[in-house]
Amino acid sequence: MLHTAFLGLGAIGAPMARNLAARPDVATALWNRTGEKARAVAAQVPGADGRVRVATTPADAARGAELVLTCLPTSREVESLLDGNDGLLAGMARGSVLVDCTSGDPASSRRIAARLAERGIGFVDAPVSGGTIGAEQAKLTVMCGGDAATVERARAALSAFGSKIVHCGPIGAGHALKAVNNALLAIHVWTTGEGLATLERAGVRADVALDVINASSGRSNSSMNLFPERVLTRAFPRTFRLALLDKDLRIAADVAREQGVPSPVFQLTSELFRLARLALGDEADHVEAVKLIEQWAGVEIGGER
Ligand code: NDP
């Protein structure tokens with residue numbers, strides 16, 4: 001039996017934890033700041049037979065766990081759970097591993113890893129892509145940073161929700177790759193929005209434009225999936241908060257700057273999504289950034305004529 005803990009049961013953390021807890025060879029302690037979410041996830045795992053428990057504190061969750069998984073908004077929240085009598089460090093044993101599935105930042109991860117190493121505890125940054133549906137279907141891609149042996153140990157838990165688990169490099173490599181991936185997502189959402197708003201103004205309907213773009217070289221996941229399913233339908237489901245994509249863009253822009261790579265598009269896109277977050281609020285979905293473009297252009301993409 002592999003003993004694990006999972007902390008952070010938000011939009012993506014909850015389905016990841018559910019899949020982990022459902023594994024018959026895994027015992028899981030669940031902790032969430034708002035306790036009823038942990039109780040709800042525990043109740044959703046049928047036939048757990050005492051393998052799943054709800055923990056009262058991070059330390060309580062970590063006690064006895066070989067692998068402790070976190071999925072929080074940013075690295076700041078992960079660091080905030082480490083200290084104090086109730087903190088993770090009070091519960092984690094020498095030889096255990098913290099597997100951080102947060103889309104965090106590389107510098108914080110290296111700092112956290114150094115603190116854990118002083119106590120003989122391993123660290124892997126293991127952010128995910130694939131969205132909430134990928135998490136439900138256990139089809140996430142997991143980007144791991146850390147030494148090879150520790151990543152191998154983490155794999156036992158990550159395979160419960162990840163179908164593609166890639167060792168990307170040293171500690172922080174997973175977080176750097178995730179931030180760049182999401183910067184590309186944001187660029188595609190924004191530029192597809194600008195393109196379709198322009199075409200609407202020029203008299204081309206968005207569905208016609210997407211039909212052509214998706215058979216041509218301008219296509220992307222945004223044009224093929226996000227716009228048809230979320231913008232043209234005006235559904236804008238809330239699956240991945242704009243505030244979190246804003247955070248990812250800032251990480252990508254910071255990493256590029258730290259590495260001395262000229263990155264005008266990352267920097268500009270980061271500013272644009274910050275504006276969108278300020279305009280639309282922290283609970284808006286990332287695709288809703290398009291509403292700002294629509295407002296500026298005075299058109300609704302896919303709207304009635
Ligand atoms: P949510 O905002 O839905 O959930 C955040 C979670 O963090 C909640 O469990 C919340 O607890 C907890 N939390 C927030 N602040 C604190 C704190 N100070 N102390 C303890 N717990 C805290 O986020 P997501 O689940 O969407 O995202 C989690 C991570 O995964 C982020 O880094 C995100 O970028 C990444 N991600 C998300 C994807 C998605 O599609 N949603 C896709 C890929 C990556 P509470 O319930 O009490 O508020």
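Start at 1 and go down the list; that is how both ligands and their atoms are numbered.
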At what distance is the nearest protein heavy atom to [atom], and which residue and atom is it?
atom: atom 45 (P) of ligand 1; value: T34 OG1, 3.4 Å
atom: atom 3 (O) of ligand 1; value: A11 N, 2.9 Å
atom: atom 46 (O) of ligand 1; value: K37 NZ, 2.6 Å
atom: atom 37 (C) of ligand 1; value: I12 CG2, 3.6 Å

Report yes if some N/O of [X] lies less than 3.5 Å from some N/O of ligand 1; otherwise report no.
X: T239; answer: yes
X: L9; answer: yes
X: N32; answer: yes
X: G10; answer: yes
X: E77; answer: no
X: S103; answer: yes
X: L244; answer: no

[X] heavy atoms, cut-off 4.0 Å: which ligand 1 atoms fall inside?
X: V128; answer: 43 (C), 44 (C)
X: G131; answer: 40 (O)
X: R241; answer: 2 (O)
X: G13; answer: 25 (O)
X: C71; answer: 28 (C), 29 (C), 30 (O)
X: T132; answer: 40 (O)
X: G8; answer: 9 (O)

**Report entry** L177 to M143 - nearest heavy-atom pair and separation
**Finding:**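 So the two residues come closest at CD2-SD, 4.0 Å.
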Requested in this report: Mind listing the closest non-hydrogen atom pair of C144 and I165 along with its distance?
Outcome: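 Heavy-atom minimum between the residues: SG-CG2, 3.9 Å.
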Counting distance only, does the side-chain N/O of [X] pair as donor-acceptor with the main-chain N or O of [Y] below 3.5 Å?
X: D105; Y: I251; answer: no
X: T4; Y: A27; answer: yes
X: S220; Y: S222; answer: yes
X: K37; Y: A14; answer: no
X: R18; Y: Q44; answer: no
X: H188; Y: R219; answer: no
X: S159; Y: R155; answer: yes

Report task. Check P73 against ligand 1 and report side chain, backbone, both or neither, counting heavy atoms closer than 4.0 Å. Result -> both
Report task. Using a 4.0 Å heavy-atom cut-off, say whether L72 meets ligand 1 through its side chain, its backbone, both or neither. Result ->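 The answer is both.
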Query raised in the report: Only one of D248, D246, D254 forms a salt bridge (charged side-chain N to carboxylate O under 4.0 Å, His left out) with R250, so which one is it?
Result: D246
Query raised in the report: Got more than 12 heavy atoms from elsewhere within 6.0 Å of CG, D25?
Result: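 Yes, enclosed.
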**Report entry** Any side-chain heavy-atom pair of F236 and V231 under 4.5 Å
**Finding:** yes
Requested in this report: Side-chain contact test, heavy atoms from C-beta onward, threshold under 4.5 Å: evaluate it for L185 versus H286 and give yes or no.
Outcome: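 Yes, side chains in contact.
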Query raised in the report: Nearest non-hydrogen atom to atom 15 (N) of ligand 1 belongs to which of M16, R33, H286, K247?
Result: R33
